[in-house]
Amino acid sequence: MGPHPAVAAIRLAVRRVLHDILTEYGRPPAPPSHERSPSPLVLVACSGGADSMALASALAFEAPKLGIRAGGVTVDHGLQSESDARAAEVVQRLRELGLDPVESTAVTVGRGGGPEAAARDARYAALDAAAERHAACAVLLGHTRDDQAETVLLGLARGSGIRSLSGMAAVSGADGRYRRPFLGLDRQTARKACMVQSLPVWDDPHNTDPAYTRSRLRHEGLPALEKALGKGVVEALARTAQLSRDDADALDTWARQAEPTVRDTAGLLVCARLHTLPSAVRRRILRRAVIEAGAPAGSLFARHVEEVDKLITGWHGQGAINLPGKVVAWRQGGRLVIRQG
């Protein structure tokens with residue numbers, strides 16, 4: 001008798017990602033007879049919740065069959081009482097699954113961009129550091145199709161353009177470090193897989209705290225949409241994410257190819273040349289230029305880029321535009337100057 005359908009689904013999703021990793025990074029060369037070559041290492045980021053515990057169990061099951069070492073990392077954000085004790089419990093659970101190496105890493109969450117963004121930034125910085133420290137070739141994340149739908153709606157609410165509507169990528173980060181095997185699976189599948197395997201899970205109270213935007217969307221917004229529009233909203237939003245990502249990737253490629261053609265010999269952007277480009281391509285070039293000048297990407301919104309774009313398309317002698325990161329943009333002699341300070 002085979003595994004429960006939920007367990008089979010999560011294992012299949014992880015197996016596919018591990019095959020992709022082996023294909024991209026290659027299997028290690030055969031070592032000399034007197035040496036033992038280390039197998040590639042894949043880490044799982046685990047909070048102790050149902051999604052990441054299901055992911056950890058599937059990684060522990062599938063990785064050895066492919067000659068891959070499997071480890072785990074849990075991040076202690078220090079935002080709740082006894083968070084260090086809970087992190088220690090997660091480490092113990094991961095070790096019981098057979099993962100090695102396993103570690104807990106504590107972070108200090110700042111205030112920039114709001115509590116959710118600050119926690120996310122601290123978490124990814126810690127995961128990056130852990131991957132570097134252990135020379136891991138990939139880190140698996142437990143984001144599900146439900147998480148993707150929430151991300152699309154949050155992007156829509158911000159009015160941040162098609163890239164925000166594309167949600168989370170299945171592969172992201174430096175050199176494709178982060179992998180999200182569960183974007184095609186719903187949250188209930190992961191929870192069911194934990195239940196039938198008797199895996200203990202921890203439900204983060206922040207996930208039900210109405211003080212957090214994503215929590216309100218999860219428990220109020222999406223249920224209201226399903227009530228008004230019927231079932232299938234989550235699946236439709238996930239499809240929207242993929243279609244939007246395909247379009248955004250194509251426009252990003254166009255913008256990268258066009259950028260050298262709109263700069264002069266000194267590297268400055270020529271306004272007349274920019275004006276001839278489609279707005280979607282032009283604004284991508286402007287956004288990239290502002291970020292390269294020192295503006296934090298997470299603080300640069302569509303309205304900022306629109307104001308810079310008006311220096312190209314709606315020029316009537318207006319002054320400089322102040323942007324995040326103390327970056328300033330202004331028009332001078334038919335050129336667009338974007339500098340910090």
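Just so it is clear, the values below take in all heavy atoms, side chains as well, and ignore hydrogens, waters and symmetry mates. Since we're looking at a predicted model, the values are computed, not measured.
In terms of heavy-atom proximity, C194 sits nearest to M53 at SG-CB, 4.0 Å. Of all heavy-atom pairs between L41 and D100, the closest is CD1-O, 4.4 Å. Across P3 and R11, no two heavy atoms sit closer than the pair CB-NH1, 4.0 Å. Across every non-hydrogen atom of V75 and A126, the tightest pair is CG2-CB, 4.2 Å. Across all non-hydrogen atoms, the minimal contact from V201 to A50 is CG1-CA, 3.7 Å. Taking both residues in full, the closest heavy atoms of P223 and L217 are given as CD-O, 4.0 Å, listed atom of the first, atom of the second, then distance.
Without hydrogens or angle criteria, Y25 side chain to P40 main chain gives no donor-acceptor distance under 3.5 Å. Checking side-chain atoms of H134 against main-chain N and O of A136 turns up no donor-acceptor pair under 3.5 Å. One N or O on the side chain of R287 and one on the backbone of L300 form a donor-acceptor pair closer than 3.5 Å. Without hydrogens or angle criteria, Q197 side chain to A193 main chain gives a donor-acceptor distance under 3.5 Å. Of the possible polar contacts, one joining the R180 side chain to the A169 backbone as a donor-acceptor pair under 3.5 Å is found. Of the possible polar contacts, one joining the R245 side chain to the G167 backbone as a donor-acceptor pair under 3.5 Å is found.
Contact check for R273 versus T261: no side-chain heavy atoms found under the 4.5 Å cut-off. Inter-residue side-chain proximity for R214 and Y212 is flagged as unmet; no heavy-atom pair is nearer than 4.5 Å. Taking the side chain as every heavy atom from C-beta outward, V234 and D186 never approach each other to under 4.5 Å. The shortest side-chain heavy-atom distance between I312 and L269 does not fall under the 4.5 Å cut-off. Taking 4.5 Å as the limit, every side-chain heavy atom of T276 sits out of range of all side-chain heavy atoms of V262. Put simply, the side chain of F61 does not reach to within 4.5 Å of the side chain of V7, judged on heavy atoms. Looking at heavy atoms from C-beta onward, F182 lies in side-chain contact with V14 at the 4.5 angstrom threshold.
Rounded to the nearest 0.5 Å, atoms CG (L59) and CD1 (I10) are 10.5 Å apart. For the atom pair CZ (R282) and CG (D309), the distance works out to 4.0 Å, reported to the nearest 0.5 Å. From R133, atom CZ reaches atom CG of D128 across 11.0 Å, with rounding to the nearest 0.5 Å. How far CZ of R179 is from CG of L55: 13.0 Å, rounded to the nearest 0.5 Å. To the nearest 0.5 Å, the span separating CD1 on I68 from OG on S39 amounts to 8.5 Å. Considering CG of L222 and NZ of K227, their distance stands at 15.0 Å, rounded to 0.5 Å.
The pair E306-K310 fails the salt-bridge criterion, with no side-chain N (NZ, NE, NH1 or NH2) lying under 4.0 Å from an Asp/Glu carboxylate O. A salt bridge links D249 with R163; the closest basic N to acidic carboxylate O contact falls under 4.0 Å. Here E62 pairs with K65 in a salt bridge; the nearest charged N to carboxylate O distance falls below 4.0 Å. One finds a salt bridge joining R218 and D147 here, because a Lys/Arg side-chain nitrogen approaches an Asp/Glu carboxylate oxygen to under 4.0 Å. Remark: R191 engages D203 in a salt bridge, criterion side-chain N to carboxylate O under 4.0 Å.
A 6.0 Å sphere centred on CH2 of W202 holds more than 12 heavy atoms belonging to other residues, nucleotides or ligands.
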Please table the atom pairs, donor to acceptor, closer than 3.5 Å between any side-chain atom in residues 320-332 and protein atoms at least two apart or in another chain.
{"residue": "W330", "atom": "NE1", "partner": "Q332", "partner atom": "OE1", "Å": "2.9"}
{"residue": "R331", "atom": "NH1", "partner": "L311", "partner atom": "O", "Å": "2.8"}

Please report, to 0.1 Å, the donor-acceptor pairs under 3.5 Å made by any side chain of residues 236-244, with sequence neighbours excluded.
{"residue": "T240", "atom": "OG1", "partner": "A236", "partner atom": "O", "Å": "3.0"}
{"residue": "Q242", "atom": "NE2", "partner": "D246", "partner atom": "OD1", "Å": "3.0"}
{"residue": "S244", "atom": "OG", "partner": "T240", "partner atom": "O", "Å": "2.8"}

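Considering T74, V102, V73 as possible partners of V90, the one that fulfils the side-chain contact (heavy atoms from CB on, under 4.5 Å) test is T74.
In the hydrophobic cluster analysis, where Ile, Leu, Val, Met, Phe, Trp and Tyr join through side-chain heavy atoms closer than 4.5 angstrom, L199 is grouped together with V44.
With sequence neighbours excluded, the residues that form a salt bridge (charged side-chain N to carboxylate O under 4.0 Å, His left out) with D264 are R335.
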